[in-house]
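For reference, the structure discussed in these notes is given below.
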Amino acid sequence: MNINQERIAKLQQEMKKEGMDLYLVPTSDFHQSEYVGDYFKARAWLSGFTGSAGTLIVTKEEACLWADGRYFIQAAKQLEGTGVTLMKMGEEGVPTVEEYIEEKLPEHGCLGCDGRTIHVAEGKEFQEILKKKSGSLKCQNDLVGSIWEDRPEMSKEAVYLLDTKYAGKSREEKIAEVRAAMKKSGANVHLISSMDDIVWLLNIRGNDIVCNPVVMSYVMMNMETVNFYVQEEAVPKEVKEALEKAGVVLCPYFQVYEDVKELKETDKIMVEDVCTNFTLYENIPQHTEVIFEKNPAAVLKGNKNPVEQENIRIAHIKDAKAMCRFIYWLKKNVGTSEITEYSAAQKSEAFRREDEDCLDLSFETICAYGPNAAMCHYAPTKDECAKVEPKGFFLIDSGGQYWQGTTDITRTIAVGELTQEQKEHFTLVLQGHIRLAMAKFQYGCSGANLDAIVRGPLWERGLDFNHGTGHGVGYLLNVHEGPQNINWRLNNKGRRGNTVPLEEGMLTSNEPGLYLEGKYGIRTENLMLCKKAEKNSYGQFMKFETVTWVPYEREAILPEMLTKAELDWLNAYHKQVYDKIGPLLGEEERTWLLEATAEIKGK
């Protein structure tokens with residue numbers, strides 16, 4: 001029996017004591033964050049699967065883990081020998097988490113979980129399933145915590161201020177905007193659990209999740225006061241004074257669970273059901289009206305203001321300089337000195353951190369050579385990484401957190417000779433990427449409407465990629481941010497794609513890919529700002545402004561596969577890359593960039 005089997009067996013013993021038939025362990029903290037701190041990595045600790053998304057269910061007889069398409073290969077490798085069965089989400093014949101619970105739960109059975117790690121909508125859905133079986137939901141018990149003896153402490157990193165020269169608006173202005181939205185919705189109280197919305201609202205940042213500059217906290221506000229529930233030892237004096245000046249009252253972190261119990265019958269509280277944990281919601285008195293709406297801060301945060309947009313452009317120039325230097329270094333040294341995926345990741349980070357405005361990475365760097373690149377979110381470690389050989393493809397997906405914004409870029413680099421198949425596949429991915437960058441569309445279109453534009457070249461060959469084409473990106477915040485994305489697929493609730501319209505100021509990634517298990521992976525990613533184009537009798541048209549400035553791999557491009565318009569866009573892009581980044585590089589690097597961005601002739 002390995003360590004993961006032992007841990008699951010201990011959990012099953014605790015389940016038996018509590019009378020639970022199933023126990024749910026999601027990938028979540030008390031704020032429904034995508035990425036979580038070490039204290040909250042219960043699913044990884046139990047199962048051995050370390051991906052950023054996944055759900056573990058343990059029954060009396062078995063354990064199953066649900067992972068999405070980004071992680072099929074990685075999860076299969078990490079779950080080997082653990083006794084945990086991989087459930088490939090979205091694959092034919094694979095039940096959803098909800099279907100599995102309904103199938104496995106006996107009559108009058110009990111489903112257990114830590115209610116702070118599931119959101120309101122999930123809790124309600126589980127309750128509906130349990131009704132069918134006359135079952136019960138027991139969500140006051142953190143069973144994993146009872147067996148995890150050396151569990152890390154909750155993070156309480158120091159909070160710092162974000163100046164308005166970066167934020168574009170004061171915290172007072174943002175609070176007023178949120179209150180206006182509350183009033184419009186008929187709410188007099190608003191509970192915010194999502195940490196990225198909170199730090200945006202208060203113009204602060206922190207470091208409580210690796211690479212995500214957020215603060216473990218809640219906010220409950222009305223038309224007069226803003227209560228900020230935070231681990232007070234994490235708030236320096238100057239931050240406390242600045243917040244108090246804006247009418248923000250500091251309260252102990254866990255006090256929010258008691259304060260919501262004090263809401264009056266006349267109160268109407270606004271809550272976002274997918275961001276608020278179920279336990280917190282259950283503490284709201286039954287006589288208090290709950291208004292379920294998207295956090296106003298999330299919508300305001302997603303549409304970057306003019307100051308943020310200009311800063312974002314600056315951040316991407318800084319980031320492009322670092323990336324161009326990295327690509328030159330890689331091409332110059334591969335085959336002449338030993339380079340591993342891990343050492344390459346370290347080098348790319350070092351180039352970024354040379355800029356005084358770079359505060360951190362925006363996520364763990366993905367450096368993948370050869371077959372490892374077929375795992376979308378593969379990240380090397382010092383002890384487990386491949387040596388980069390002078391042949392084939394090397395993929396790097398990385399980003400930085402700058403005072404001027406958050407970056408995210410992927411490039412697939414030729415480190416040696418390529419096959420014809422590799423070039424064809426690279427060009428198909430690039431073609432879809434260019435088509436989205438060139439797209440013009442009517443206002444009201446969502447990412448789901450645009451996704452087919454990107455996938456068209458691959459679909460025509462019977463190919464596809466098993467992840468979204470694009471995600472929103474924060475401002476010195478989470479690299480994955482809503483409310484928009486670019487993805488046509490059914491979500492896990494059976495709803496088709498994301499229907500949020502693409503608005504002016506939204507920062508979104510453009511990242512098609514192609515992954516051949518055991519061979520190689522290709523992905524090409526830039527970030528784009530959504531902008532208004534012309535307005536005429538047909539309506540308001542929209543377009544994208546690409547803000548990433550790093551060359552594509554010329555050696556991998558087959559120009560005969562591109563249309564004239566696509567080739568013209570590519571050459572114009574490369575010219576701008578050299579004009580913007582060339583003057584920032586040393587002589588040898590600049591010479592390389594001139595060659596890397598040279599005009600590509602059509603055939």
Side-chain angles (χ1 to χ4, degrees), residues 11-12 14-33 40 42-43 53-60 62-66 87 89 94-146 191-194 218 256-258 260-261 263 265 267-295 490-495:
L11 180 66
Q12 288 169 327
E14 294 299 314
M15 290 166 56
K16 187 175 181 180
K17 290 178 190 176
E18 297 291 338
M20 296 175 183
D21 297 284
L22 290 82
Y23 194 79
L24 177 84
V25 187
T27 307
S28 184
D29 56 19
F30 303 155
H31 306 271
Q32 310 308 307
S33 306
F40 296 100
R43 185 224 65 216
T55 300
L56 178 70
I57 296 182
V58 179
T59 73
K60 295 175 181 178
E62 64 181 5
C64 298
L65 183 131
W66 279 255
M87 298 290 199
M89 291 171 64
V94 176
T96 65
V97 167
E98 294 77 16
E99 288 168 344
Y100 179 87
I101 291 172
E102 186 168 352
E103 177 190 342
K104 296 293 182 178
L105 192 77
E107 284 292 322
H108 307 290
C110 177
L111 170 66
C113 66
D114 181 348
R116 298 170 298 178
T117 64
I118 62 171
H119 58 66
V120 178
E122 288 173 321
K124 287 185 170 185
E125 188 162 4
F126 295 148
Q127 286 178 328
E128 288 301 312
I129 293 170
L130 291 163
K131 272 185 189 176
K132 299 176 186 177
K133 298 285 186 84
S134 301
S136 60
L137 177 64
K138 201 169 186 177
C139 58
Q140 303 302 320
N141 304 66
D142 177 12
L143 294 194
V144 180
S146 67
L191 175 63
I192 312 177
S193 297
S194 43
Y218 302 92
V256 67
Y257 289 88
E258 297 305 315
V260 295
K261 295 177 181 178
L263 290 169
E265 192 170 345
D267 286 327
K268 295 181 179 180
I269 183 170
M270 179 189 289
V271 168
E272 183 170 359
D273 59 356
V274 296
C275 295
T276 306
N277 77 57
F278 189 65
T279 297
L280 193 53
Y281 166 72
E282 288 278 278
N283 282 7
I284 297 172
Q286 288 189 350
H287 59 243
T288 301
E289 182 180 344
V290 179
I291 299 170
F292 289 112
E293 283 198 14
K294 186 82 178 170
N295 287 338
L490 286 171
N491 63 21
N492 61 2
K493 304 300 181 189
R495 292 189 285 270

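Of all heavy-atom pairs between T279 and Q140, the closest is CG2-OE1, 4.3 Å. The two residues V260 and L280 come nearest to each other via the heavy atoms CG2-O, 4.0 Å. Nearest heavy-atom pair, Q12 versus V58, reported as atom, atom and distance to 0.1 Å: CG-CG1, 3.6 Å. Nearest heavy atom pair, residue Y100 against residue C64, reads OH-SG, 3.6 Å. Nearest heavy atom pair, residue N295 against residue S194, reads ND2-OG, 3.0 Å. Between K294 and M270 the shortest heavy-atom distance is O-SD, 4.4 Å.
A donor-acceptor pair is defined here as one N or O able to donate and one able to accept, closer than 3.5 Å; such a pair exists between the side chain of T27 and the backbone of G54. Side-chain atoms of D267 never come within 3.5 Å of backbone atoms of I269 as a donor-acceptor pair (strictly under, hydrogens ignored). In this structure, the side chain of K138 does not engage the main chain of M20 through any donor-acceptor pair within 3.5 Å. Under a 3.5 Å cut-off, the side chain of W66 and the backbone N or O of I57 do not form any donor-acceptor pair.
Summarising the geometry, atom NE2 belonging to H119 is positioned 7.0 Å from atom CG belonging to D273; distances are rounded to the nearest 0.5 Å. Rounded to the nearest 0.5 Å, atoms CG (D21) and NZ (K16) are 12.5 Å apart. Note that the NE2 atom of H31 and the SG atom of C275 stand 11.5 Å from one another [nearest 0.5 Å]. Between the CZ atom in R116 and the CD atom in E282 there is a gap of 14.5 Å [rounded to 0.5 Å]. Expressed to the nearest 0.5 Å, how far CD of Q127 lies from OG of S136 amounts to 10.5 Å. A distance of 5.5 Å separates OG in S134 from CD in E107, rounded to the nearest 0.5 Å.
E14 has its side chain out of reach of Y23: every pair of non-hydrogen atoms, C-beta onward, lies at least 4.5 Å apart. V144 is listed as a side-chain neighbour of D142, based on a closest heavy-atom distance under 4.5 Å. A 4.5 Å side-chain heavy-atom check between E272 and Q32 finds every atom pair outside the cut-off. Side-chain atoms of R43 and L65, non-hydrogen and from C-beta on, do get closer than 4.5 Å to each other. By the 4.5 Å heavy-atom criterion applied to side chains, D114 and P26 are not counted as neighbours. Side-chain contact check for I129 versus L111: every heavy-atom pair is 4.5 Å or farther apart. Side-chain atoms of F126 and L105, non-hydrogen and from C-beta on, never get closer than 4.5 Å to each other. Using a 4.5 Å heavy-atom threshold, the side chains of L191 and V256 count as touching.
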Evaluate the criterion side-chain contact (heavy atoms from CB on, under 4.5 Å) for residue pair L24 and V97; output intermediate values, then yes/no.
CA-CA 9 Å; L24 177 84; V97 167; 4.2 Å; yes

Derivation of the side-chain contact (heavy atoms from CB on, under 4.5 Å) call for K261 and E258
CA-CA 5 Å; K261 295 177 181 178; E258 297 305 315; 3.4 Å; yes

Check the pair L143 / M15 against side-chain contact (heavy atoms from CB on, under 4.5 Å), numbers first and verdict last.
CA-CA 8 Å; L143 294 194; M15 290 166 56; 3.9 Å; yes

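Ring planes of F30 and F40: perpendicular class, angle over 60° (limits at 30 and 60°). Ring pair F292/Y281 is tilted by interplanar angle, where 30° to 60° counts as tilted.
Summarising the local packing, NZ of K268 is surrounded by 12 or fewer heavy atoms from other residues, nucleotides or ligands at distances under 6.0 Å.
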